Amino acid sequence: MSLRLNPAQLEAVEHQEGPLLILAGAGSGKTRVITQRMVRLLEKGVPARAIVALTFTNKAAGEMRERVAQLLGPKGRASSSALTISTFHSFGLQVLKEERRALGGTFTIFDQGDALGAIKECMRSINVGRNLDASAILSRISNAKNAFMHADDMPEVDEYDEMAKLIFPKYQSALRQFRAYDFDDLVCEVARLWESQPAILQRWRERYRYLMVDEYQDTNRAQLQLLRQLSEPYRNICVVGDDDQSIYAWRGADVRNILEFEDHFKGAKVIKLEQNYRSVSPVLAVANAAIAKRTDAKYPKALFTSKTGGDPVEAVVASTPEAEASFVAREARKHTKAGIKPEEIAVLYRSNSQSMLIEAALRENGVPYRLIGGTQFFERKEVKDLLAYAKVVINSYDEISLRRVINYPARGIGETGLEKLTTGAFANGWTLWQAVERADGIDHLPSPTRSGCRVLERVIQNAKAVLSRGEPASAMLRAIADEIGLRLDIDVSSPNKDAASRRWGNIEALFNTFERRERRLSNQEAAQGKDSLGSFLQALMLDFGGDDDDAKSAVVLSTLHGAKGLEFDVVFFIGLEEGLLPHARTLDTKLTDSVPADIEEERRLFYVGVTRAKSKLYLSRATARVTRGNALPRTPSRFLLDVPDELLLRREVADEPSLSTDEMANSADALLAALASLGG
């Protein structure tokens, strides 16, 4: 085995007996260390069947298994197949299956959908209305389970906490009634089984004498309990993680597990991996400066690299969020023209809601992108519906858009009515829109369909009238939304008030996109009327690669949580303002009694964002944002202020004019050609 390891990595690989904590800084080669350590144990004579390595995703487990197989080569294939490398939950399922007799026989596993259905049934049983989100209640119950809490121990901060506390015992009773375990039980019930039946635990201890855990900073209390039980009495447990990258407290991860490792596993050896193989020195200097301010750090690290050079980190101060988005789009375009592959460029942000302005700016500039997690703004149903109306106003021959809105909101034109309209159009040589206009003259057309066609025709004609009076497209969109009762339909069709508020917020954001464009249009462009609007709609509605995580040749847009574990040549880290990062809810003492801990997790999020960059990093913020119709000044993020001025190159940008109609058309044509060349 060719190790190619630095001294700290080699020390970790060679360690064999007793507890070991490997603190692996960002980009320090942790996967290389944990896989080569498994191979080294095999070389020292440890049987493959005595080793278990646990991680959090099937993808990570598969990558680990593949690397071990490559290191061992063909001769070691039997050994690699005998290793147990799996997720915590797959391992727990293995234990429960083998010990099903002790558990009372066969059982069923509830997936997320099954669990959510059970929660909803429990809510119905106590006559709870639809205003509470069942998934949010399930999430709170999940966190309580993983913290080994009983219902009586659960906090009561808001109405969701109160409902989760009430539903928890009913949900558990429902699981047992169906002889079922949910996802969390795959760990929690193993720990309980081992605690109640020491003889069973001892069998598993004898089977697995060497434990390895990846991403240890993401473990919860239940997983810690399982590891403490299994590792005794041999105590050969090795964990790899980074307390500076613990960012999943919201789903139960407990940073104390890694900070208190030496308390849980007495006599542990601690090794720090600080040599970074990912980023240039200017990026690491910013990361080190920000994380050095942690108040809860027990194992401070300072990343370093042997790479030389690197561009300075740019601190971009934009006059508005729109200026920030425009800057990001144009700069990304410059990088792609300079030869950087689009997939090597990322825009990172704290919350999904921040993506909308970036998406619009990238589309206007002809830059393809993909979203990691979530749904693209222009793919959200309510946004597509309203834009489809606008496209019908501009072009009544657009049958795809017309079919999308012909019965939305419901106006009596069902499938049968649409079929008869289509037949009538074909028989008379009309377009579908002409059939709508002449519905009263089509034989055998149901009365509700005729009435619905008159309503739709009136909506479209009224919208055209708005444009003919010289009013802007944003006014037309607002008129359409008012006339079809879009706000009411969203309220009625959404599962709860929060969802309805988010969906209507998307509509308001769409209005703002058009209003922003209108403010930046020249008088000459404004005079072009429909032609200019048509080009704008075309650019907005182009297919930019969807949200397929495997898509290539597209700039990546991601939340900080979604970007964990990824790396990019160029990173735009946006929205670095108080209230966005750290997030507003972590600053609200009414919502939480652990503000310092929450703030430290936000700091770690900042660190994760910075360390995604390999070569070039932009840290941007806006000096003002519109909140509830008022432009309010914004304060720079405290984490940005923690970075010394000498480490940053300051850059100020104001709102720039949007692309002209010709530029937009050229960008759209170029993008379509690029997509065609890729088979897209």
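Please read these numbers as outputs of a predicted model, since none were measured by experiment. For the single chain, residues carry numbers from 1 onward in sequence order.
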Using 0.5 Å steps for rounding, measure from the CE atom of M476 to the OG atom of S474. 9.0 Å
Candidate pair V405 and V459, rule side chain to side chain contact (heavy atoms under 4.5 Å, CB included), full reasoning: CA-CA 11 Å; V405 301; V459 170; over 6 Å; no
Lys/Arg-Asp/Glu bridge criterion (N-O < 4.0 Å) met for D385, R404: yes
Would E602 and T586 count as a side-chain hydrogen bond (donor to acceptor under 3.5 Å, both in side chains) if you check the C-alpha gap in whole Å, the side-chain angles of each, and the deciding distance to 0.1 Å? CA-CA 8 Å; E602 296 288 296; T586 67; 4.6 Å; no
Whether R651 and E331 form a salt bridge (side-chain N of Lys/Arg under 4.0 Å from carboxylate O of Asp/Glu) is what I want to check. yes
Does this structure show an ion pair linking K564 with E215, if we count only N-O contacts that are shorter than 4.0 Å? yes
Donor-acceptor under 3.5 Å (T320 side chain, A323 main chain): yes
Do W504 and D491 have side chains that approach each other closer than 4.5 Å (heavy atoms only, starting at C-beta)? no
Kindly indicate, with the supporting measurements, whether the criterion side chain to side chain contact (heavy atoms under 4.5 Å, CB included) is fulfilled by F572 and V316. CA-CA 10 Å; F572 297 91; V316 180; over 6 Å; no
With a 4.5 Å heavy-atom cut-off, do D642 and R603 have their side chains touching? yes
Nearest 0.5 Å, what's the CD1-OH distance between I480 and Y389? 8.0 Å
Do E601 side-chain atoms and D598 backbone N/O form a donor-acceptor pair below 3.5 Å? no
Is it true that D242 and K301 have a side-chain N and a carboxylate O under 4.0 angstrom from each other? yes
Going by atom types only, do R612 and S558 share a side-chain donor-acceptor pair under 3.5 Å? no
Quick one: do R625 and E324 satisfy side chain to side chain contact (heavy atoms under 4.5 Å, CB included)? Show the steps, please. CA-CA 11 Å; R625 287 184 188 266; E324 179 184 48; 3.3 Å; yes
From the list F606, Y349, F639, ring pair (Phe, Tyr, Trp, His ring centres under 6.0 Å) partner of F573 resolves to F606
From CA spacing to verdict: salt bridge (Lys or Arg N to Asp or Glu O under 4.0 Å), E382, R502: CA-CA 11 Å; E382 57 275 9; R502 285 194 299 270; over 6 Å; no
Where the side chain of S279 meets the backbone of A613, is there a donor-acceptor pair that is under 3.5 Å apart? yes
Apply side chain to side chain contact (heavy atoms under 4.5 Å, CB included) to the pair E63 and T55, showing each step before the final yes or no. CA-CA 11 Å; E63 180 183 352; T55 187; over 6 Å; no
